[in-house]
Amino acid sequence: MNEDKELIERTIKGEREAFEMIIQKYQQPLLNYIGRTVGERELALDFTQEVFIKTYSSLHSYKPQYKFSTWLFKIASNFIIDYWRKKKIDAFSLDQQEQDSDLPSLQVPDKEPSIVKKFEISELRERIEQALEKIPAPLREVFVWRHINEFSYEEMAEIKGLPVGTIKNRVFQARELIRTRLEEKA
Amino acid sequence: MKCLSIEQIYLFIEKELPLSENKKIEEHLATCRKCKNALEERRHLLQASENLPLWQTPPDFTQQVMARIFPIRVPLSAWFTAAYAGFGSIILAIFILFLVTGQNFSSLLTSLNYSLWNFVRNLSPVFVKLFKVASLFVKTLQQFFEYIIKAFASLTTIINPQVQIIIITIAIILIAFSIYGIKRKILIGEKT
């Protein structure tokens, strides 16, 4: 991670190649996060560009005690929240997003049906992708961070500015909602 | 130990629990079929979730972002080169005109100047009238002009300054030839 800090220092000093390296390093993780959150490839590519531009213009406010990747994803997350707000979609509030009956149960039921094990891994992946689009945006976001971007719970908590416990709970809810929706057709 | 919560199962699979709790869970799983099945179900889900296909960025993505952050600026040296190219083209145009008309340089310049002056003198009243008429249409044509300006702006970003100068020079040559041609036609008319 010191490599990132060095690249930022070089960028601030005016070395364009250093920022080019940052873009090369983070373009795919960012696109995968933004793409899975907004759902459209072209829009996601546009947003990814915008996030890099915003990052470049805010580099002076970056504090080296934080990890660059979490700072970058915080910018991206805020960008997406703004987008939803402009579209007047209250997708980032978990309140009333799901009816109580939809929220996953905390305990293993006595006769729990096996959903996941019915599918082969390749089919399961396809179904997870489809189910991911149907869950609330805040849950989708943490699911992508955890499984595609491979962030730790602590990193996710830092990005969202929430307690680690809340993040763990959201990830758990996302997985269980996806699991229950695996049988639904696309 | 009582049955596991689903969250506990996930955290156990991900090795996110303290060692002491892990041990208790392992002991419980050895005796509880229900929790063991629930664990296998979630393990399978996590395995599939870990290898979801990745979206790829286009090969020129980095260049696209860099071009937006640092718009291309033409260096001063390029403008000098363009100026040389432009000057050279004008000299060449005069030389070609000299070859075509057979006039010496000073008479060529004089005739060109005379032609231009006549052109301006004869057409300026027409231009004034045209300008008055055109001004009436300005408001309606405003949108059209905006499009033209935008198109020209985007063209100048595509075509480099040297090529722009060459295009302008060719246009000047064509205009000069046209003037000469008109003048010659008039002269021939006078002779006959």
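Every chain is numbered from 1 and lettered A, B, ... according to where its sequence line falls, protein lines coming before strand lines.
Hydrophobic clustering (side-chain heavy atoms under 4.5 Å, transitive across Ile, Leu, Val, Met, Phe, Trp, Tyr) groups A:Leu162 together with A:Val164. Under the 4.5 Å side-chain contact rule for hydrophobic residues, B:Ile179 and B:Leu123 do not share a cluster. A:Ile53 and A:Phe73 fall within a single hydrophobic cluster, where Ile, Leu, Val, Met, Phe, Trp and Tyr side chains are chained together by heavy-atom contacts under 4.5 Å. Connection of B:Ile172 to B:Leu174 is not established within any shared hydrophobic cluster, with ILVMFWY side chains joined at heavy-atom distances below 4.5 Å, either directly or through further cluster members. The hydrophobic cluster containing B:Leu54 also contains A:Leu124, counting ILVMFWY residues as joined when their side-chain heavy atoms lie under 4.5 angstrom apart, directly or transitively.
Residues B:Leu45 and A:Leu182 form a side-chain contact, since some pair of their non-hydrogen atoms from C-beta on lies under 4.5 Å apart. The shortest distance between side-chain heavy atoms of B:Gln56 and A:Leu31 does not fall below 4.5 Å. Between B:Tyr10 and A:Glu176 the shortest side-chain heavy-atom distance falls below 4.5 Å.
Neither the backbone nor the side chain of A:Ser122 comes within less than 4.5 Å of any heavy atom of chain B. For chain B, the nearby parts of A:Arg41 are the backbone and the side chain; heavy atoms of each come within less than 4.5 Å. In this structure, the portion of A:Ile128 lying under 4.5 Å from any heavy atom of chain B is its side chain and not its backbone. Contact of B:Leu4 with chain A is made through the backbone alone, with heavy-atom distances under 4.5 Å. With a 4.5 Å cut-off on non-hydrogen atoms, B:Arg43 does not touch chain A at all. Only the side chain of B:Gln63 comes within contact range of chain A, judged by heavy atoms closer than 4.5 Å.
Within 6.0 Å of the NZ atom in A:Lys54, the count of heavy atoms belonging to other residues, nucleotides or ligands does not exceed 12. Within 6.0 Å of atom CD1 in B:Ile91, more than 12 heavy atoms from other residues, nucleotides or ligands are found, so the atom counts as buried in its surroundings. Within 6.0 Å of CZ in B:Arg33 there are 12 or fewer heavy atoms belonging to other residues, nucleotides or ligands. Within a 6.0 Å sphere centred on CD of B:Glu26, heavy atoms belonging to other residues, nucleotides or ligands number more than 12.
The distance between the ring centers of B:Phe70 and A:Tyr56 falls below 6.0 angstrom.
Of all non-hydrogen atoms in A:Leu45 and B:Pro58, the two that sit nearest each other are CD2-CD, 3.5 Å. Residues A:Phe143 and B:Ser49 approach most closely at CZ-OG, 3.6 Å, considering heavy atoms. Contact between A:Asn32 and B:Pro53 at its shortest, heavy atoms only, is OD1-O, 4.3 Å. The shortest heavy-atom contact between A:Ala44 and B:Trp55 is CB-CZ3, 4.3 Å.
Interatomic distance, CD1 of A:Ile23 versus CD1 of B:Ile69, reported as 4.5 Å (0.5 Å rounding). Atom NZ of A:Lys168 is separated from atom CG of B:Leu11 by 5.5 Å, given to the nearest 0.5 angstrom. Distance check: A:Arg146 CZ to B:Leu46 CG gives 9.0 Å after rounding to the nearest 0.5 Å. Note that CE of A:Met21 is 11.5 Å distant from OG1 of B:Thr62, once rounded to the nearest 0.5 Å.
Each of A:Phe19, A:Phe52, A:Tyr153 has some count of heavy-atom pairs under 4.5 Å with chain B, and the biggest count is that of A:Tyr153. By number of non-hydrogen pairs under 4.5 angstrom with chain A, the leading residue of B:Val65, B:Ile9, B:Asn37 is B:Val65. Of the residues considered (A:Gln24, A:Glu126, A:Glu150), A:Gln24 shows the highest number of contacts with chain B, using heavy-atom pairs under 4.5 Å.
Judged by distance alone, with hydrogens and angles left aside, the side-chain atoms of B:His44 form a donor-acceptor pair with the main-chain N or O of A:Phe119 at under 3.5 Å.
The closest side-chain donor-acceptor pair between B:Thr57 and A:Gln27 falls under 3.5 angstrom.
Each of B:Glu14, B:Glu41, B:Glu50, B:Glu7 was checked for a salt bridge (charged side-chain N to carboxylate O under 4.0 Å, His left out) with A:Arg175, and the lone residue meeting it is B:Glu14.
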